[in-house]
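Owing to the predicted nature of the structure, the values given are computational and were not obtained by experimental measurement. Heavy atoms only: backbone and side chains are in, while hydrogens, waters and symmetry mates are out. For ligands, and for the atoms within them, numbers begin at 1 and follow the listed sequence.
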Amino acid sequence: MQDAKHWVGQISRRHPTYQDALALRYDVFFRPHGLPEHVTIDKWEAASKHFAAIVDGELVSYGRLTESEPGIFSISQMVTRPDRQGEGHGTLVLKRIIAYAVKKGAKRISLNARVHCTAFYEKQGFVPDGEVLSSALTGIPHILMVLGFSDVKVDS
Ligand SMILES: CC(C)(COP(=O)(O)OP(=O)(O)OC[C@H]1O[C@@H](n2cnc3c(N)ncnc32)[C@H](O)[C@@H]1OP(=O)(O)O)[C@@H](O)C(=O)NCCC(=O)NCCS
């Protein structure tokens, strides 16, 4: 799938597609719950790294990586445009994020998965670790998942 018109990598907050990513995150995660737009930007936003899949200049998928303390990473806000889901874009973004964290010396990579999405993360080596809890913001059930490092294959 990755040809000249398909790009996956880190974007800065000044990159034009970053605003598209914020809009997509709001539309998918928060707007359906009637929440205001400002909840999209949480306390981790500025310190996080942002990753995108861009096809023909348009954002199709996005994910965020946060290093809360040295070597301790979490992934959040994984989202693919509804009309481009199931085409492998989310997997490419997730793999790129994992590879980045591993190269930065990750000791732990975790995420809070919506329970209906656990299979997506399990395909990349994440395993559930804890009980199902509802998001304080949206009420959607989530479960903590942690990457099993023995399963990590980082593409060069
Ligand atoms: C979850 C999400 C980011 C996956 O992105 P995507 O680009 O559609 O994923 P891919 O096309 O790379 O799918 C990879 C695999 O995961 C599976 N998968 C994707 N979304 C899934 C889901 N919601 N539940 C279970 N499996 C899923 C696909 O079937 C595919 O399996 P296959 O390789 O056997 O065909 C996307 O579906 C999405 O944006 N969902 C809405 C927002 C959301 O819930 N985000 C996750 C928050 S934890």
[X]-ligand 1 polar pair, N/O distance under 3.5 Å:
X      : value
Cys117 : no
Lys123 : yes
Asn112 : no
Met78  : yes
Ser61  : no
Gln85  : yes

Would Arg31 and Glu37 count as a side chain to side chain contact (heavy atoms under 4.5 Å, CB included) here? Give the steps. CA-CA 7 Å; Arg31 190 197 294 275; Glu37 239 173 308; 5.9 Å; no

Any chance you could lay out the salt bridge (Lys or Arg N to Asp or Glu O under 4.0 Å) test for Lys49 and Glu67, step after step, and finish with the verdict? CA-CA 9 Å; Lys49 306 293 182 196; Glu67 189 172 16; over 6 Å; no

Contact between Gly88 and ligand 1, counting heavy atoms under 4.0 Å? yes

Which is it for Val60 and Ile54 under the side chain to side chain contact (heavy atoms under 4.5 Å, CB included) test, yes or no, and what are the steps along the way? CA-CA 6 Å; Val60 293; Ile54 296 171; over 6 Å; no

Considering the heavy atoms of [X], write down every atom of ligand 1 situated less than 4.0 Å from one of them.
X     : value
His89 : 7 (O), 12 (O)
Gly86 : 6 (P), 8 (O), 11 (O)
Thr91 : 10 (P), 12 (O), 13 (O), 14 (C)
Phe29 : 42 (C), 43 (C), 45 (N), 47 (C)
Glu87 : 11 (O)

Sub-6.0 Å ring centroid separation between His6 and His89: yes

In this structure, is the centre-to-centre distance between the rings of Tyr100 and Phe51 below 6.0 Å? yes

Go through the steps for His50 and Tyr18 under the test side-chain hydrogen bond (donor to acceptor under 3.5 Å, both in side chains), then give the verdict. CA-CA 8 Å; His50 307 272; Tyr18 174 70; 4.6 Å; no

At under 4.0 Å between heavy atoms, is it the side chain or the backbone of Tyr62 that contacts ligand 1, or both, or neither? neither

With a 4.0 Å heavy-atom cut-off (strictly under), which part of Val28 contacts ligand 1: side chain, backbone, both or neither? side chain

For Glu69 and Arg108, what are the C-alpha separation, side-chain angles and deciding distance, and is it a salt bridge (Lys or Arg N to Asp or Glu O under 4.0 Å)? CA-CA 10 Å; Glu69 53 187 280; Arg108 175 185 163 96; over 6 Å; no

Evaluate the 4.0 Å heavy atom contact test for atom 29 (O) of ligand 1: does a protein atom fall under the cut-off? no

Under 4.0 Å from atom 5 (O) of ligand 1, can you find at least one protein heavy atom? yes

Does any part of the side chain of Pro36, heavy atoms only, come nearer than 4.5 Å to the side chain of Phe30, both counted from C-beta? no

Give me the one residue out of Ile98, Leu144, Val146, Thr118 that meets side chain to side chain contact (heavy atoms under 4.5 Å, CB included) with Phe126. Ile98

Which protein heavy atom lies closest to atom 39 (O) of ligand 1, and at what distance to 0.1 Å? Thr80 N, 2.8 Å

For atom 27 (C) of ligand 1, find the nearest protein heavy atom and state the residue, atom name and distance (0.1 Å precision). Phe120 CB, 3.9 Å

Would you check, one step at a time, whether the test side chain to side chain contact (heavy atoms under 4.5 Å, CB included) holds for Leu137 with Phe29? CA-CA 10 Å; Leu137 266 179; Phe29 294 124; over 6 Å; no

Proximity winner for atom 25 (C) of ligand 1, if only heavy atoms of His142, Gln77, His116 are counted: His116

For Val79, is there any backbone N or O sitting under 3.5 Å from a side-chain donor or acceptor partner on Ser61? yes

Would you please test Asp42 and Arg64 for salt bridge (Lys or Arg N to Asp or Glu O under 4.0 Å) and show each step? CA-CA 12 Å; Asp42 62 17; Arg64 188 176 80 166; 2.9 Å; yes

